[in-house]
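Presented below is the structure to which this report refers.
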Amino acid sequence: MKSEITISELANLMNVSVHQIRYFEEKGVLQPAYTDNNQYRMYGIEQVYQLAHILLLRKLGVSVQSIKICMTSYSVDQYRQLLHYSSREADAELLRLKELQQFIKKVLHEQQNFNSESNQYQIKWRDTTYFESWIEMGSHTMLNAKLLAEQAKRVLNLFETDIHYIYDGSSTITLCLETQGPGDFSLPEGNYLSMQCLILEDDELEQMIEQLYDYAAAQSYTIAGPLILIERSYLSLFSSKNELHYELQLLIESATKS
DNA sequence: TTTCTCACA
DNA sequence: TGTGAGAA
């Protein structure tokens, strides 16, 4: 009985595809022990170890091209360096995954928030928030790709964060992104009249804004700041319809509420 | 089942 | 750096 195994047996054993094993052979990193009369590649225990080493080096981020050099000529010191490098890469990947998980949690949290508060007026306390202004545009301009490309400062993870549109009554709207520390400007802490809404058409948004002002007037709230429109486009992605998720906010002076 | 080759992401 | 498909 032969002690060697066929390519599919090796593939099964090592949890890789037959294709991949042949690919390693083509690149000169893994040769079969011998080729049988029927032209089948046959592999022994030595090749099993070799393949295990190749797969480990691939996990460490070594290219197939470099694996040959690694396996034939690397010193202990060079392997040490490689391990250090891979460790740093793994740290970066961990960070990336942690950020992704935070984002997912945020979406889940915001989704729940949105569902329970949609189309209801609320008073929300907001701590001082700092912003970096991102795009300035005319109050009747629509956000378009050209504007984004030409005017916008480069931003990481576009549309994965809340975008604040600040309507301060002038002829321009400022699109801002929240920052941790002091940025270009800030919104004061205080009570904000808030409403979350789902919008299909742009004119619906204008109606919502009007309604918010009407409601504020009816409640005799004194408006003490600009209109803030928060766009959460990442929420729209995860809802079934093509609706856009917005929140409208107005700073009010609660002391003057009758 | 395996081999080889070409196309494709 | 692989994978998929097709013919032998």
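Each chain gets a letter, A, B and so on, in the order its sequence line appears, and its residues count up from 1. Since the structure is predicted, the reported quantities are computational estimates derived from the model, not experimental observations.
Here B/dT5 presents its P atom at 11 Å from CZ of A/Arg22, a figure rounded to the nearest Å. The distance between atom CD of A/Glu25 and atom C1' of B/dC4, rounded to the nearest whole Å, is 11 Å. In this structure, CD of A/Glu9 is placed 8 Å from P of B/dT2, rounded to the nearest angstrom. Rounded to a whole Å, the CD atom of A/Glu26 is 12 Å from the P atom of C/dT1.
Nearest nucleotide to the side chain of A/Gln65, out of C/dT3, C/dT1, B/dT2: C/dT1. Of the candidates B/dT2, B/dT3, C/dT1, C/dT1 carries the atom nearest the A/Val64 side chain, counting heavy atoms from C-beta on. Closest to the A/His19 side chain, of the nucleotides B/dT1, C/dG2, C/dA5, is C/dA5.
Regarding contacts with the backbone of C/dG2, a side-chain N or O of A/Gln20 is found under 4.0 angstrom from either OP1 or OP2. A sub-4.0 Å separation between OP1 or OP2 of B/dT2 and a side-chain N or O of A/Thr6 is present.
Using a 4.0 Å heavy-atom criterion, one finds that A/Arg58 contacts the sugar-phosphate atoms exclusively.
Salt bridge annotation for A/Asp36-A/Lys2: present, with a cationic side-chain nitrogen under 4.0 angstrom from a carboxylate oxygen.
Between the NE2 atom of A/His109 and the CD atom of A/Gln112 there is a distance of 7.5 Å, given to the nearest 0.5 Å.
Residues A/Glu231 and A/Tyr165 have side chains that bring a donor and an acceptor to within less than 3.5 angstrom of each other.
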